[in-house]
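The structure appears right after this line, and notes come after that.
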Amino acid sequence: PKMVKAILPFCASSKTSIHNHVFLEGVKAALLADKNWNKGNYKKQPVSGLKAFGRVYAGWAFSQDFYRQKLYKKIGYNSVKNLLDDWADDHAKNWDANDLLSKLQTWQLNDISEGPIYNKNYIKALKSIKAKTILMPCNQDLYFRTKDNEFEKKFIPNASLRPFNSPYGHCAANPGNDKNFEKKLDKNISELLN
């Protein structure tokens, strides 16, 4: 707590919620259903599972409004099918299945109160944060919910909550998707650096 002077978690949480955990179990199940998965001892990448993972993930990464407003067209997709195919291909080309599963496990186990210092006392861990803190959730993020950051703010001294509305959901944080999110993020970062 004494090492860091300022933090700005955006589209994130200090502990993975149960709902977020369940979402990750869903995308994981899509990957593990591939017959080539072979309990992680695959001879070649389980491409069908990786593609299924990407397609399922696309439904969670963006909000309902993103699809309703056809904003996928603003980021280079002609149709939802085009977006789904791209997300499937991207996961098949750019991920090793076991690496992806390790990432998911790390995500699912996220909890700042783990370990011998706080011994799963989540409130104590939040109260120990000394850094000036700006919490910046996206209100339309389907798995890192604003409510989680509202709870964190109650216990983090010197914290402010600055939720942002964006139909891009969790992907508002991806560079180039939502210029207004980027501007707000830059403003908050500048404030913390000053």
Side-chain angles (χ1 to χ4, degrees), residues 1 3-4 6-34 36-42 44-63 86-131 133-138 140-153 155-156 159 168-175 177 181 185 189:
M3 185 188 304
V4 178
I7 59 173
L8 199 164
F10 57 95
C11 298
S13 65
S14 59
K15 180 178 180 179
T16 299
S17 71
I18 296 169
H19 180 257
N20 197 336
H21 186 95
V22 169
F23 145 64
L24 293 169
E25 284 298 307
V27 292
K28 183 165 80 174
L31 173 55
L32 300 184
D34 188 321
N36 294 318
W37 159 244
N38 194 28
K39 297 181 182 173
N41 299 309
Y42 43 85
K44 60 179 186 167
Q45 289 294 322
V47 173
S48 294
L50 287 164
K51 286 187 171 197
F53 180 103
R55 293 177 83 83
V56 173
Y57 203 118
W60 284 87
F62 301 101
S63 77
D86 184 61
W87 276 59
D89 290 344
D90 180 67
H91 280 80
K93 290 177 189 169
N94 297 313
W95 283 98
D96 171 88
N98 283 326
D99 288 348
L100 186 56
L101 291 169
S102 291
K103 177 183 173 183
L104 294 187
Q105 184 177 26
T106 301
W107 184 347
Q108 287 179 313
L109 294 174
N110 169 49
D111 180 347
I112 64 167
S113 66
E114 280 291 337
I117 295 173
Y118 303 111
N119 201 26
K120 295 195 176 198
N121 185 332
Y122 183 54
I123 305 299
K124 183 179 178 184
L126 290 171
K127 287 180 176 179
S128 77
I129 296 171
K130 305 292 183 230
T133 303
I134 296 175
L135 302 167
M136 190 177 163
C138 174
Q140 290 79 14
D141 193 325
L142 297 177
Y143 39 87
F144 291 110
R145 304 298 294 156
T146 301
K147 288 273 184 200
D148 295 328
N149 290 155
E150 287 173 357
F151 181 82
E152 293 165 347
K153 183 193 175 297
F155 301 102
I156 300 172
Y168 287 88
H170 185 69
C171 287
N174 289 11
N177 279 353
F181 183 89
L185 182 61
I189 290 169

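Residues: numbered from 1 along the sequence shown.
- Using a 4.5 Å heavy-atom threshold, the side chains of Thr106 and Asn110 count as separate.
- Annotation: side chain of Phe155 is not in contact with side chain of Tyr122 (no heavy-atom distance under 4.5 Å).
- Between Cys138 and Gly169 the shortest heavy-atom distance is SG-O, 3.4 Å.
- Taking both residues in full, the closest heavy atoms of His21 and Gln108 are given as O-NE2, 3.1 Å, listed atom of the first, atom of the second, then distance.
- Put simply, the side chain of Gln140 never gets that close to the backbone of Ser63: no donor and acceptor are under 3.5 Å apart.
- Here CG of Leu8 is found 8.0 Å from CG of Leu135. Values are rounded to the nearest 0.5 Å.
- Between the side chains of Tyr42 and Asn98, a donor-acceptor pair is found at a separation under 3.5 Å.
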Step-by-step side-chain contact (heavy atoms from CB on, under 4.5 Å) determination, Leu101 to Leu32: CA-CA 10 Å; Leu101 291 169; Leu32 300 184; 3.8 Å; yes
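- For the pair Leu142 and Phe23, the minimum side-chain heavy-atom distance is 4.5 Å or more.
- Aromatic ring pairs are classed by plane angle as parallel below 30°, tilted from 30° to 60° and perpendicular above 60°; the pair Phe144 and His170 is tilted.
- Separating the CG atom in Leu100 from the NE2 atom in His91 is a distance of 6.0 Å, to the nearest 0.5 Å.
- Thr133 contributes atom OG1, which lies 11.0 Å from atom CG of Asn149 (distance to the nearest 0.5 angstrom).
- Within 6.0 Å of the CD1 atom in Ile123, the count of heavy atoms belonging to other residues, nucleotides or ligands exceeds 12.
- Side-chain contact between Asn36 and Asp34 is present, with at least one heavy-atom pair separated by less than 4.5 Å.
- Interatomic distance, CG of Leu24 versus NZ of Lys103, reported as 9.5 Å (0.5 Å rounding).
- Inter-residue side-chain proximity for Lys127 and Ile156 is flagged as unmet; no heavy-atom pair is nearer than 4.5 Å.
- Taking the six-membered ring for Trp and the full ring otherwise, Phe53 and Tyr57 have centroids separated by under 6.0 Å.
- Judged purely by distance below 3.5 Å, without hydrogens or angles, the side chains of Ser128 and Tyr118 pair a donor atom with an acceptor atom.
- Other residues, nucleotides and ligands place more than 12 heavy atoms under 6.0 Å from the CD atom of Glu25.
- Between the Asn20 side chain and the Thr16 main chain, no donor and acceptor come within less than 3.5 Å of each other.
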Applying side-chain hydrogen bond (donor to acceptor under 3.5 Å, both in side chains) to Ser14 and Glu152, what does each step give before you reach the verdict? CA-CA 8 Å; Ser14 59; Glu152 293 165 347; 2.7 Å; yes
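- In terms of heavy atoms, Ile117 sits closest to Lys124 at O-NZ, 4.1 Å.
- Side-chain atoms of Ser13 and Tyr143 include no donor-acceptor pair closer than 3.5 Å.
- Proximity of Phe62 to Asn177: side-chain heavy atoms (C-beta onward) are separated by under 4.5 Å at one or more points.
- In this structure, Glu150 does not pair ionically with Lys153, as no charged nitrogen and carboxylate oxygen lie closer than 4.0 Å.
- Here the straight-line distance linking atom CZ of Arg55 with atom CG of Asp89 works out to 9.0 Å at 0.5 Å rounding.
- Considering only heavy atoms from C-beta on, Gln105 comes within 4.5 Å of Leu109 through its side chain.
- Across every non-hydrogen atom of Ala92 and Lys51, the tightest pair is CB-CG, 3.8 Å.
- Taking both residues in full, the closest heavy atoms of Phe181 and Cys11 are given as CZ-SG, 4.1 Å, listed atom of the first, atom of the second, then distance.
- Using a 4.5 Å heavy-atom threshold, the side chains of Leu31 and Leu50 count as touching.
- In plain terms, the two heavy atoms of Val56 and Ala30 that are nearest each other are CG2-CB, 4.1 Å.
- Between the side chain of Asp141 and the main chain of Tyr168, no donor-acceptor pair closer than 3.5 Å is present.
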